[in-house]
Amino acid sequence: MHLKGWTTLCVICLMFSCSLLKKDKTTVVKRNSEQPAEILTETADTLVSIQDTMPVVAYDTVIPPPVIPKKPLEYMTIEEKAMLDEINLLRADPHSYIQHIDQYLQDFMEDANWDFSTKQTERSAGEELIQELRTLVPLPLVKPSEELYKVAKRHGMDMKANNFISHRGSDDSLPEDRIRDSTSLVVSENLVAGGRSVRESLIMLLVDANDRASRGHRKTILDTRWEFAACYYAGTVDGIPNTWVQLFAINDPKELPEALPVRSLPEDTGQLNEKSPASDAKKIDANEQNAPFMTALEREMIEEINLLRSNPKGYAKYVDIYVNEMKKVMFSSDPEFDRAVKELQSELSTSSPLSILKAHQKLYEVAKAHGIDNKTHHQLEHKGSDKRQSFDRVKDAGLKNNINEQGIYTPNENLIGGEASVRNSVIALLIDSGIPNRGHRRALLEPAWTRVACYHIGTIADFKDLRGMENDDMENCWVQFFAKD
């Protein structure tokens, strides 16, 4: 099913992140009623150093009377103090903060101003965030810094006066330029706009739905290295209300932890709940390291497949969310869809964990070649233009198909297009409505597989169906390939 986004947004949400450990240059595509915001980031390592100098005082200098210091945090507004407190509330107990994420996601899913696609993207990122928070021990609290606050304030006032929201200032400065006025050696900057409260603004950055590749805003907020923070409330900027500048910094970066501290987790019993967290895919298969030949989105697809296979019973909750949202946009009931869903739910409830699949480069090259072939011929079919089938292509990768005792091949290739996200694509293949043998589901849940490759075709223009009829463009098209050693 090919679904297009539709909605009228009452709030425009923009989020940006820039770190000097990974210097980010951000290109902003503002979210409108049909297109969610995108953030495209280029990174390069850099480090900014501030040289300390000692003032020289002559013996005959007249010493002026001491300056009466301001009261603690007098330079901050009530809202800015609240944001700092909210950050420390999260860092003090990441696990307990999950209740606020849950409430945010519930409100988001019930908000009629968001379309189905946007809700699913937010829900998927939110669930990922919850699993991450469940693994974290308390993080060091951040202290306020007046020098850092002045840097954040100057940039916030610049954006407000010149009607823009960007890490690059009107004078063409970047955060690494601006922090030379502070005593910090390393700094990271987050920008967010459109939240209805301090808490919602922070959670928007944590969920970080539009930064699928890196979740840079979330990583900044949860980084253990920070000693200081500053939050400046700029108000309405370029017509967008509740705009914030967040800065995080450290004075001495010589001894920085390499990773966030992780809790000891109990064994997974098959249910996604507080006693049995499932950071399954990330914990089981580090695809970021094992498949550098694939894109981040393609690795995300493998992680989603492994999340399903590692915990079929727990994955049923995501199927329920998908089904509920689908029924809201269906024009009428579909008995075949309902039958397939009921059948799938029963199957997942009795399924044991399956083998975790590892990415395979030659299999990926085969999947990519077939995806490009489909795109070139404006179709999405298993038979290639050379008349060969998926079982033939697996042999090209030097891997094996799975054949049962009757000599029948197990389905080993899935093709899908038109779904809004990676998770939706996997669930639609699992439900497999309209396919008598549920071949796509069988491919995903086959115990014999050990290898996987996923190629993101993208949009197939002037898509032709199996009858050769030409339709509109088909977006978000995928090839999934499965095999065994």
*Asks:* Can you name the closest pair of heavy atoms from Val422 and Met301 and give their distance?
*Replies:* CG1-CA, 3.6 Å
*Asks:* Is the positively charged end of Arg423 above the ring of Tyr318, judged by distance under 6.0 angstrom from the centroid and angle within 45° of the axis?
*Replies:* yes
*Asks:* I'd like to know if the side chain of Glu336 and the backbone of Gly434 have a donor-acceptor N/O pair within less than 3.5 Å.
*Replies:* yes
*Asks:* Quick one: does Arg215's side chain get under 4.5 Å of Glu128's, heavy atoms only?
*Replies:* yes
*Asks:* For the OG1 atom of Thr410 and the CH2 atom of Trp449, what is their distance to the nearest 0.5 Å?
*Replies:* 5.0 Å
*Asks:* Using a 3.5 Å distance criterion without hydrogens, assess whether the side chain of Asn401 forms a donor-acceptor pair with backbone atoms of Phe391.
*Replies:* yes
*Asks:* Within the structure provided, determine whether Glu122 and Val207 are in side-chain contact (heavy-atom separation under 4.5 Å).
*Replies:* yes
*Asks:* Do Arg441 and Leu445 make a side-chain contact, defined as non-hydrogen atoms from C-beta onward lying under 4.5 Å apart?
*Replies:* yes
*Asks:* Ring-plane angle category for Phe108 and Trp114, please: parallel below 30°, perpendicular beyond 60°, tilted otherwise.
*Replies:* parallel
*Asks:* Between the side chains of Thr220 and Ser188, does any donor sit under 3.5 Å from an acceptor?
*Replies:* yes
*Asks:* State whether the side chain of Arg309 and the backbone N or O of Leu444 hold a donor-acceptor pair below 3.5 Å, judged by distance alone.
*Replies:* yes
*Asks:* Any chance you could lay out the side chain to side chain donor-acceptor pair (under 3.5 Å) test for Glu200 and Ser197, step after step, and finish with the verdict?
*Replies:* CA-CA 5 Å; Glu200 184 173 282; Ser197 66; 5.3 Å; no
*Asks:* Spell out, as yes or no, whether a donor-acceptor pair under 3.5 Å connects the side chain of Arg91 to the backbone of Pro140.
*Replies:* yes
*Asks:* Would you call Arg123 and Glu127 a salt bridge, taking side-chain N to carboxylate O under 4.0 Å as the test?
*Replies:* yes
*Asks:* Are Gln103 and Asp107 close enough that a side-chain donor and a side-chain acceptor fall under 3.5 Å?
*Replies:* yes
*Asks:* Who are the ring pair (Phe, Tyr, Trp, His ring centres under 6.0 Å) partners of His456, not counting sequence neighbours?
*Replies:* Trp478
*Asks:* How close do Ser117 and Ala420 get, counting heavy atoms only, and between which atoms?
*Replies:* OG-CB, 3.3 Å
*Asks:* Do you know the tightest heavy-atom contact between Ile460 and Gln379?
*Replies:* CD1-O, 3.2 Å
*Asks:* Check Asn374 against Glu381 and note the closest heavy-atom contact, atom names and distance.
*Replies:* OD1-N, 2.8 Å
*Asks:* Answer yes or no: is there a donor N or O on one side and an acceptor on the other, between the side chain of Thr243 and the main chain of Ile240, under 3.5 Å?
*Replies:* yes
*Asks:* Is a donor on one side and an acceptor on the other found under 3.5 Å between the side chain of Ser351 and the backbone of Glu347?
*Replies:* yes
*Asks:* Do His360 side-chain atoms and Asp485 backbone N/O form a donor-acceptor pair below 3.5 Å?
*Replies:* no
*Asks:* Out of Lys362, Arg451, Arg393, which one pairs with Leu399 under the side chain to side chain contact (heavy atoms under 4.5 Å, CB included) rule?
*Replies:* Arg451
*Asks:* Could you pull out the closest heavy-atom pair between Ser352 and Pro312, with the gap in Å?
*Replies:* O-CG, 3.6 Å
*Asks:* Look at atom NZ of Lys119 and say whether more than 12 heavy atoms of other residues, nucleotides or ligands are closer to it than 6.0 Å.
*Replies:* yes
*Asks:* Between Ala428 and Tyr322, what is the shortest heavy-atom contact and its length?
*Replies:* CB-OH, 3.7 Å
*Asks:* Do the side chain of Asn190 and the main chain of Leu247 share a donor and acceptor less than 3.5 angstrom apart?
*Replies:* no
*Asks:* Give a yes or no answer on whether the side chain of Lys313 reaches the backbone of Thr350 with a donor-acceptor pair at less than 3.5 Å.
*Replies:* no
*Asks:* In sequence, state the C-alpha distance, the side-chain angles, and the governing distance for Lys327 and Asp338, and then conclude on salt bridge (Lys or Arg N to Asp or Glu O under 4.0 Å).
*Replies:* CA-CA 10 Å; Lys327 288 186 174 181; Asp338 294 339; 3.6 Å; yes
